[in-house]
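Below is one structure, written out as structure tokens; the observations come after it.
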Number of protein chains: 2
Amino acid sequence: MIVDRNSPIPLYFQLQTWLQEQIEQGVFKPDDKIPTEEELVEITGLARATIRKAITNLVNMGYLRRKRRLGTFVEHRSESDDSQDIVGIIVPDIRTGYTPELVRGIEDEAANNRLSTILCNTDDLYFKANFHADRLISNSVCGVIFVPTAASDDKNRQIVEQFTQRDIPVILADRTIEDTELDYVTTNNFEGGYQLTKYLIDKGHSKIGITLSTLFSTERERLEGYKQALKDAGIDPDPEFMQLHNGPFSEEHYIKHVNILLGKTDEISAIFAGHDRIAYLIYSAAKDMGISIPEDISVVGYDDLNPNYSNLMPLTTMHQPIYEMGQESLKILMSRIKGGENSTEQKVLKSHLVERDSVCSLQRE
Amino acid sequence: MIVDRNSPIPLYFQLQTWLQEQIEQGVFKPDDKIPTEEELVEITGLARATIRKAITNLVNMGYLRRKRRLGTFVEHRSESDDSQDIVGIIVPDIRTGYTPELVRGIEDEAANNRLSTILCNTDDLYFKANFHADRLISNSVCGVIFVPTAASDDKNRQIVEQFTQRDIPVILADRTIEDTELDYVTTNNFEGGYQLTKYLIDKGHSKIGITLSTLFSTERERLEGYKQALKDAGIDPDPEFMQLHNGPFSEEHYIKHVNILLGKTDEISAIFAGHDRIAYLIYSAAKDMGISIPEDISVVGYDDLNPNYSNLMPLTTMHQPIYEMGQESLKILMSRIKGGENSTEQKVLKSHLVERDSVCSLQRE
DNA sequence: TTGGTTTAATTGTACATACAAATATACTAA
DNA sequence: TTAGTATATTTGTATGTACAATTAAACCAA
């Protein structure tokens, strides 16, 4: 029995559903001819008008195609549900830091998976992230890779929730939010901070300045690694040596912190820059002040942004696998889009120290 | 008379068209109630089933909305035709050169116009551009901003034609193609090349090396500007001093050209680098070779990629308004999308020379 | 006032019937 | 063989009728 006349479900809809099932289950295959309307009248006992209504709906939905004189045929159900294959990328600024590399990693992997990417810049501002979230939703993206802004975890969580409420999966990249439910990809920042600091200590440095932003999980972890390494070496972290910034990176602000640290060259022998852009600022300021690196002061950075021009600025730094981070983010996003996997995926990639020539050794070993 | 029974056009379709016109012309305004089906039976003399068919179609098309007991109402015709508001950006590589700045300019202006942007990297390869063109078309973008690849003008024109055949407007950014029919935004590269060369000449240099790629319209024009400036100063351009490269930028290839030029420091006193990345390579190679800039050799670049770190590498260079170029590209694209304007728009932005400390003066004036 | 019930208007579903339009196929004539 | 013609099949359009479902609004009772 195809239709049940006692059901409260409209007869045309019962027939429509039945036909749709036959198609989806492959009973009627693409290009197959389904029974003529007259035949369906006999099979179902419905009026032709009712049958036509069911078929018309399926034609509008793209399941069937009608041809006069020949009959009604099953359409090729487009493998790619078409136009749904876009993912959003929300980053601080495509121009700065590791962002270009990250985006390229995402984009390449997306292309491999026949996905397109919509790019959104937040300038680390919550309201811009919000604005872009709206747009991404109205473009019905199938997933989002999100680098949290400089706003509070709460605000960033609000952004994420806008997507998750609509069943759009979100993967955090690089920076994380306090929320065990979220998927993310980042690097071992604590360990990286620890290693860099230990490297300096092993080179004989014990008074080590540090400057970074406490707004981001990444830099906070590096700071913790720095503190732990000092403690493990029996050195008490000196608050005087920590120039912590409470905002996103900006030249104007950091130049102050850098100048303070460079003014303490009699007290400290090394500076841990929260990331390479700060380190470059140190190079620049040091040059202006006639301080030479590494002779007068040692510097380490984090990111390894410009390995190509490293002999102009031979910065010892922690190389982060940014491109891979982008790829990995998209891979996890893909598995989320395809469904399955209920447990959260939290991937921590490994960085490695790249030794160049910005640190001098204070001891002969 | 709303319907003409002698017309070969189906009655339901005549009614449907009439209703649609009333809506589009504002006779029926959003949220207005249109006549009930029974009233339309009286007005038109058609059967209710026929009227229902017309209305059903318009409901499916988003023009009307039905509410039981209340009647049928005019829908708010979505100002944003939804999901059609995406533009494609096709660039060589989001990681390199001026591309991040360009993309950011496009993206910001796009956001102002409530457009989203899909990012595509070609690595200057034709086949990748082709691949992305397909994807952009299947995502039904409403326009494209395209930085031509390193392939021939013919191949690049093929890419453009894929879009124009589908009435998708394309704006070329930075690089141009020999084809007067195309819209583009670029800068005055000939003039820029001329000015930089004249600047060197005015500083007393007469034997000036140059290295750049002949694949791109931009660099070819700079070369022409260079030649013209030399001629105007009565200097015959020496092919020996021109290290022309027949491919896109790559460290491996350019390092050879750079080394050749740096090996001629007894013959030439200055080098015109086709763009800043080449200039950086010169700085790097010069450092390795113990050649100092500008004492041993003067260098000028083109782009002004890193004004922030200019005191580490005080390169005299031609500042291009890249961000503005991105904005301008999108503005022209917008006007194309909105229609109107049949004549091609070809905008040439002005660059300006930024004098730093990479050129020494050979004469006292 | 509150809360439930009835009523009437309007769209939604369903059926029977009729003829029109398109067109693949078979047939026919040059 | 070719070109035109008839035919049968199937979808497309159109009408008239009937009743169901929904629900705003009026009505009524506590």
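Quick note on labels: first sequence line is chain A, next is B, and so on, each numbered from 1. Keep in mind that what you see is a predicted model, and the values were worked out from it rather than measured.
- Here the P atom of nucleotide D:dA14 and the NZ atom of A:K53 are 17 Å apart, to the nearest Å.
- A salt bridge between B:K331 and B:E345 is absent, with no side-chain N of the basic residue lying under 4.0 Å from a carboxylate O of the acidic one.
- What separates CD of A:E37 from P of C:dA14 is a distance of 16 Å, to the nearest Å.
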Decide yes or no on side-chain hydrogen bond (donor to acceptor under 3.5 Å, both in side chains) for B:Q162 and B:N130, but give the supporting numbers first. CA-CA 9 Å; B:Q162 286 189 53; B:N130 222 358; 2.4 Å; yes
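- Between B:R104 and A:D93 there is a salt bridge, since at least one side-chain N of the basic residue sits less than 4.0 Å from a carboxylate O of the acidic one.
- OP1 and OP2 of D:dT10 both lie 4.0 Å or more from every side-chain N or O belonging to A:T72.
- One interatomic measurement links the two molecules: CD of A:Q16 to P of C:dT13, which rounds to 10 Å at whole-angstrom precision.
- Summarising the geometry, the separation between CG on B:L15 and P on D:dT13 is reported as 14 Å, rounded to the nearest angstrom.
- Ranking C:dC15, D:dT15, D:dT10 by closeness to the A:L46 side chain, first place goes to C:dC15.
- Comparing the start and finish of the helix from C:dT1-D:dA30 to C:dA30-D:dT1, five pairs each, the helix axis swings through 0°, to the nearest 10 degrees.
- Side-chain N/O atoms of B:R48 and base N/O atoms of C:dG12 include a donor-acceptor pair closer than 3.5 Å.
- With hydrogens and angles left out, the side-chain atoms of B:R175 and B:T149 include no donor and acceptor closer than 3.5 Å.
- Rounded to whole angstrom, the span from the CZ atom of A:R68 across to the P atom of D:dT7 amounts to 21 Å.
- Along DNA chain D, the nucleotide nearest A:P8 and the nucleotide nearest A:R52 are compared for position; the residue whose nucleotide lies closer to the 5' end is A:R52.
- Heavy-atom distances to DNA chain D give each of A:K33 and B:F13 a nearest nucleotide, and the one nearer the 5′ end belongs to A:K33.
- A:I159 places a side-chain heavy atom less than 4.5 Å from the side chain of A:Y126.
- One finds no side-chain N or O of B:T50 lying less than 4.0 angstrom from the OP1 or OP2 phosphate oxygen of D:dT13.
- B:S140 and B:R166 are not linked by any side-chain donor-acceptor pair at a separation below 3.5 angstrom, with hydrogens and angles left out of the test.
- Atom pair A:D4:CG and C:dT13:C1' shows a separation of 16 Å (rounding to whole Å applied).
- Nearest-nucleotide positions on DNA chain C for A:P10 and A:K67 put A:P10 closer to the 5' end.
- B:Y12 comes within 4.0 angstrom of sugar-phosphate atoms only, judged by non-hydrogen atoms across all strands, and of no base.
- Atoms CD and CD, from A:E109 and A:E328 in turn, are 8.0 Å apart once rounded to the nearest 0.5 Å.
- For the pair B:R336 and B:S343, the tightest heavy-atom approach, listed with the atom from each and the gap, is NH2-O, 2.9 Å.
- Put simply, the side chain of A:R69 and the base of D:dT9 share a donor and an acceptor less than 3.5 Å apart.
- What separates CD1 of A:I51 from C1' of C:dA16 is a distance of 13 Å, to the nearest Å.
- Nucleotide D:dT15 holds its P atom 13 Å from the CG atom of B:L40, rounded to whole Å.
- Checked against C:dA16, D:dT11, C:dG12, the side chain of A:T36 finds its nearest nucleotide in D:dT11.
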